[in-house]
A.B. asks: 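A single structure is presented below for examination.
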Amino acid sequence: MYALYKLLRFLKPHWVFAVIAPLLMVGEVLLDLMQPRLIQRIIDVGIARSDIPAVIHTGFWMIGFMLIAGLFGAGCGYFAVRAAYGMGGDLRGALFRKVQTLSFANLDTLETGAMITRLTSDVNQVQEMVMMMMRGMVRMPLQLVGCLVMASMTSPRLGLIFIVILPALLIALVTIIRKTFPLYRQVQRALDAVNSVLQENLAGVRVIKAFARSEHESARFAVANNALIKQMTTAVRMSSRTTPVMMLTLNIGVVAALWIAEGQVQVSGMKVGEVVVFINYLGLAVITLTMFSNLIIQISRAQASARRVVELLESEPALEKPPEASERTTHLKGRVAFENVSFSYYPTGQDPVLKNISFVAEPGETVALLGATGSGKSTLVQLIPRFYDACQGRVLLDDVDVRDIPEVELRAHISIALQETVLFSTTIRNNISLGVPEAPMEKLQEVAHAAQAAEFINHLPDGYETVVGQRGVNLSGGQKQRLAIARALLPQPSILIFDDSTSAVDVRTEAHIQRALEDNDRRQTRFIVAQRISSVLTADKIIVLDDGEIIGQGNHAQLLESCAVYREIYDSQTENGVLIHSGH
Ligand SMILES: Nc1ncnc2c1ncn2[C@@H]1O[C@H](COP(=O)(O)OP(=O)(O)O)[C@@H](O)[C@H]1O
Ligand SMILES: [Mg+2]
């Protein structure tokens with residue numbers, strides 16, 4: 001129950017609704033409880049004495065009560081929805097914000113599918129439970145006690161039936177419910193699996209088609225889907241056992257009441273109306289208990305979900321939090337130094353991806369990183385904005401450990417174009433101005449021009465207002481990369497990182513981008529991860545990585561002398577000293 005309890009704080013902002021809803025329910029319950037008494041009046045006064053005006057009169061009262069009770073009920077429903085959905089919305093918001101704060105290492109371990117389940121289905125379960133609580137927490141006890149009192153007042157003798165039946169019923173219910181509790185946790189887990197397959201497939205549907213794997217993937221989905229159906233069926237079958245138990249009890253109660261009453265009507269002149277009323281209250285009491293069991297089942301579902309929600313809500317970013325305040329401020333020279341940095345993606349430190357990396361990038365220098373795929377280039381540059389923390393050694397920015405710089409400040413100084421371009425389904429303009437939403441149009445045009453994107457953007461139907469992605473135009477890989485470059489240029493950071501950002505751009509365009517960057521007189525430290533010799537020739541410093549180690553460091557001329565691997569790469573991309581792919 002602890003997890004659910006923790007989530008109740010999300011109900012706080014909506015407490016007014018959460019209080020009004022049950023209060024209105026009190027009105028509905030009291031009015032409902034009056035109905036059987038009115039029926040009794042119709043039977044014992046109206047019909048027994050053939051008093052037609054009394055029947056009509058009482059009938060009007062019944063309708064009136066029913067209408068007012070309905071109003072109370074609708075009001076309760078309205079406020080319950082406001083409270084529960086308000087809370088659900090806040091909870092989803094909090095989860096979403098939480099996901100935004102997670103570190104790269106957290107995100108590596110969380111499955112997108114499971115996160116989607118948490119933000120949708122799990123929150124829904126909690127929300128439904130709160131709604132049922134709003135309606136039920138007053139209604140159930142009040143109605144149950146009300147039935148007991150009213151029935152006993154009608155006929156103390158018949159009231160004894162309640163005393164025997166209700167505890168027996170409760171025991172049966174509790175037994176069933178205890179069995180359903182763990183089942184719903186498995187239901188949510190099965191839902192995770194479905195969402196994971198779904199998410200992967202929706203994201204990768206083109207690849208699946210390209211490799212003619214549709215049937216295989218459909219089968220994989222069917223497995224997850226069937227598992228969900230099975231779990232759900234088991235859980236519902238278990239919880240639906242409550243219904244026959246209820247009906248059986250109700251019928252036993254009715255038979256018992258009729259049996260006792262049969263003698264009473266003759267011996268002590270008990271009226272038929274009293275018996276009818278009693279059976280009415282008995283029925284209402286059983287209905288109340290059915291509602292109660294449904295609520296308990298919903299609570300058990302919500303409990304399973306709440307645990308999962310709390311788990312995500314309380315997951316801590318894997319990075320150590322840097323001090324919030326800092327004496328360092330806006331200006332950064334842009335010196336970057338790696339001091340004996342080693343890094344592994346595993347907390348245990350096994351399979352290090354970077355080993356003992358040391359180098360310095362002076363302010364305004366362009367540092368190129370060269371090396372085979374998997375040699376650790378992307379990992380290396382991701383340590384600068386602190387997407388991950390070094391396991392050993394330090395990464396320094398202007399002689400301060402990046403771990404001592406508040407995240408927001410750190411990221412404000414660094415722009416990175418990641419190896420995989422992500423565009424959002426919005427306009428080109430919004431995609432470029434991601435880091436500086438308020439940037440004026442001229443700035444946008446300027447960076448688009450530098451990134452060699454201006455031309456193709458201007459050819460798009462709506463220029464900068466063209467929507468890209470899922471519901472808009474599709475761009476080529478190279479065009480996407482150029483948008484990512486423009487996006488990274490816009491904030492004019494002290495440190496600029498391009499992680500293989502021109503791999504899909506033709507050599508000539510790449511050369512133009514390079515020239516535009518060189519013409520930019522802003523002193524900026526740049527890191528350029530590249531595959532082509534042509535992209536690194538003019539760099540102030542070239543670092544050659546091999547399997548996580550630096551095997552060469554220097555400028556082009558120096559490396560040709562000193563680094564065999566560099567010379568090898570150079571030879572493979574040139575012919576008689578001329579670059580093979582030089583742009584024409
Ligand atoms: N998120 C990750 N979790 C675990 N291993 C990773 C992760 N990202 C990369 N690696 C591994 O780290 C090594 C270096 O990868 P990377 O830095 O991307 O190399 P490069 O950019 O030079 O191609 C590779 O062996 C890769 O499999
Ligand atoms: Mg890479």
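Remember, it's 1-based here, ligands and their atoms both numbered in the order they're listed.
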A.B. asks: Look at the aromatic rings of Phe359 and Phe338 and report parallel, tilted or perpendicular, splitting at 30° and 60°.
C.D. replies: parallel

A.B. asks: Considering heavy atoms of the protein only, find what lies nearest to atom 9 (C) of ligand 1 and give residue, atom and distance to 0.1 Å.
C.D. replies: Tyr345 CE1, 3.4 Å

A.B. asks: My understanding is that only one of Gln452, His512, Gln481 makes a side chain to side chain contact (heavy atoms under 4.5 Å, CB included) with Val505; could you say which?
C.D. replies: Gln481

A.B. asks: So which of Leu91, Val99, Leu312 actually passes side chain to side chain contact (heavy atoms under 4.5 Å, CB included) with Arg118?
C.D. replies: Leu312

A.B. asks: For atom 1 (N) of ligand 1, which protein heavy atom lies nearest, and how many Å away is it?
C.D. replies: Asp108 OD2, 3.1 Å

A.B. asks: Regarding Glu128 and Arg301, does a basic nitrogen lie under 4.0 Å from an acidic carboxylate oxygen?
C.D. replies: no

A.B. asks: Heavy atoms, side chains only, cut-off 4.5 Å: are Phe498 and Leu489 in contact?
C.D. replies: yes

A.B. asks: Ion pair present between Glu217 and Arg220, side-chain N to carboxylate O less than 4.0 angstrom?
C.D. replies: yes

A.B. asks: Quick test: of every protein heavy atom, which one is nearest to atom 16 (P) of ligand 1, and how far off is it to 0.1 Å?
C.D. replies: Thr379 OG1, 3.6 Å

A.B. asks: Closest non-hydrogen protein atom to atom 18 (O) of ligand 1, residue and atom name please, with distance?
C.D. replies: Ser378 CB, 3.6 Å

A.B. asks: If we only consider heavy atoms of Ala372, is any one of them less than 4.0 Å away from an atom in ligand 1?
C.D. replies: yes

A.B. asks: Just need the protein heavy atom nearest to atom 23 (O) of ligand 1, so name the residue and atom and give the distance.
C.D. replies: Gly374 N, 2.7 Å

A.B. asks: Could Lys355 and Asp547 be called an ion pair, given the rule that one side-chain N must be under 4.0 Å from one carboxylate O?
C.D. replies: yes

A.B. asks: Test of geometry: compute the angle OG(Ser378)-the Mg ion (ligand 2)-OE1(Gln419) and round it to 10°.
C.D. replies: 90°

A.B. asks: How close does the nearest protein non-hydrogen atom get to atom 14 (C) of ligand 1, and which residue and atom is it?
C.D. replies: Val353 CG1, 3.4 Å

A.B. asks: Under 3.5 Å between any N/O of Tyr346 and any N/O of ligand 1: does that happen in this structure?
C.D. replies: no

A.B. asks: Should the proximity of Tyr388 to ligand 1, defined as any heavy atom under 4.0 Å, be assigned to the side chain, the backbone, both, or neither?
C.D. replies: side chain

A.B. asks: Strictly under 4.0 Å, does any heavy atom of Gly376 approach an atom of ligand 1?
C.D. replies: yes

